[in-house]
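A quick note: this is a predicted structure, and the numbers were derived from the prediction, not measured. Chain A is the first sequence line, chain B the second, and so forth, proteins listed ahead of strands; every chain is numbered from 1.
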Protein chains: 2
Amino acid sequence: MSTPKPEATLALNGSLPRHRRTYSIGELARMFEVTPRTIRFYEQEGLLAPERRGQTRIYHEKDRVRLKLTLRGKRLGFSLAEIREVIEMYDAMPDGNARQLRRLLEILADKRNNMERQLEDIRLMQRELDDVETRAREVLERLGHH
Amino acid sequence: MSTPKPEATLALNGSLPRHRRTYSIGELARMFEVTPRTIRFYEQEGLLAPERRGQTRIYHEKDRVRLKLTLRGKRLGFSLAEIREVIEMYDAMPDGNARQLRRLLEILADKRNNMERQLEDIRLMQRELDDVETRAREVLERLGHH
DNA sequence: CAACCACTTTACGTTAACGTCAACGTCGTC
DNA sequence: GACGACGTTGACGTTAACGTAAAGTGGTTG
């Protein structure tokens, strides 16, 4: 406490083996471009369970990964409830009973189908975009030539 | 009215050249597995503009296609507002000015980036799913062998 | 020590995308 | 001519996923 060593306690985290790093809620928020409110909300919804040092939340690698997966899931249109379901089952896996596991496999298969349809949707949508863009460029061209 | 010919007026639409067909709101709803309420809502939001015969809405091929594109857009996570924006610009294209067209191209490029990221997300997500599934199967296997 | 962050909880507000219900009109049919 | 299936408008309800504001805590910095 008396030694003025440059141990900013936070800045120090700069070059640690990723595994030992911890994050504040603000850091994570900036990192993923969400607000702290969002992160707290995800916790409230059972998607995160950070450590607590007193009042304040402390996030480890595990939490960061979870958040990343959560956001990815969201971009793919999954609801927080769905994401939580998978996360919970995943956590319970080691000692999960057979029924749970089969249920998990079902859910996974379901997600997979979802992915497949999304892939198809994307391909179709890209064609549409190509088409619209081509037309737009043509019109633009004609405008250029008066 | 007196001739009992099997002209069910609705059933008759069965084998028409797709182009001339028309649809009731209920037909479209079943077709795409949405409720009539949804379709009316999309109209209210400016995504559809069906013909009217008296009070009742009559949908043509064009409307069906729009609905299809709208739903596809939704599956890909676009908001109705975004979808409408594109549709409107597309409709206004022929007589659109250069600024409008350039704006449209911007939007399209944006959507394209979105698609690309979604593709990447899907690939990553599929790997995760593979991983989880593999683990689940392993655990299940061990359970089987007591 | 005062000022300033960054963090906390509590609670109410907001937006998008419909659902639901009431109250009514219009066919075709039994 | 009652009935059921389908259509209409209008209005209010609901859910998910946060936003926002209020009021307080704890650490460091000039």
Using a heavy-atom cut-off of under 4.0 Å over every strand shown, decide if A/Arg40 touches base, sugar-phosphate, or nothing.
base
How close do B/Leu76 and A/Gln118 get, counting heavy atoms only, and between which atoms?
CD2-O, 4.1 Å
Would you indicate which nucleotide in C/dT9, C/dC7, D/dG7 comes nearest to any side-chain atom of A/Gln55?
C/dT9
Measure from CD on B/Glu45 to C1' on C/dC18 and round the result to the nearest Å.
10 Å
Report the distance from atom CG of B/Leu48 to atom P of C/dC18, rounded to the nearest whole Å.
12 Å
If you pin B/Arg37 and A/Arg30 to their nearest nucleotides in DNA chain C, which one's is more 5'?
A/Arg30
Approximate separation, where rounding is to 0.5 Å, of B/Leu101 CG and A/Leu143 CG
6.5 Å
Any idea which of C/dC7, D/dC18, C/dA17 is nearest the A/Lys74 side chain?
D/dC18
Out of C/dG19, C/dT8, D/dA17, minimum distance to the side chain of A/Ile25 belongs to C/dT8
Check whether any side-chain N or O of A/Ser24 sits under 4.0 Å from OP1 or OP2 of C/dC7, and answer yes or no.
yes
Could you work out which one of D/dG19, C/dT8, C/dC18 sits closest to the side chain of A/Thr56?
C/dT8
Distance col, row B/Arg66:CZ vs B/Tyr59:OH, nearest 0.5 angstrom, shows 12.0 Å
Under 4.0 Å, heavy atoms only, any strand: does A/Arg52 hit a base, just the sugar-phosphate, or nothing?
sugar-phosphate
Interatomic distance where CG belongs to B/Leu47 and C1' belongs to C/dC18 [whole Å]:
13 Å
Between B/Tyr42 and C/dA17, is there a contact of a side-chain N or O with OP1 or OP2 at under 4.0 Å?
no
Distance check needed: D/dC18 C1' versus A/Leu71 CG, whole Å only.
13 Å
Counting side-chain heavy atoms from C-beta on, which of D/dC18, D/dT9, C/dC18 comes nearest to B/Phe41?
C/dC18
Starting at atom CG of A/Leu80, determine the distance to atom C1' of C/dA16, rounded to an integer number of angstrom.
15 Å
Can we say B/Arg112 and A/Glu128 salt-bridge, meaning some charged N sits less than 4.0 Å from an Asp/Glu carboxylate O?
no
Let me know the distance between CZ of B/Arg57 and C1' of D/dT9, rounded to the nearest Å.
9 Å
Can you check the A/Glu82 CD to D/dA16 C1' distance for me, whole Å?
12 Å
Sidechain N-carboxylate O distance under 4.0 Å for B/Glu120, B/Arg117
no
Between CG of B/Leu67 and C1' of C/dC18 the distance, given in whole Å, is 14 Å
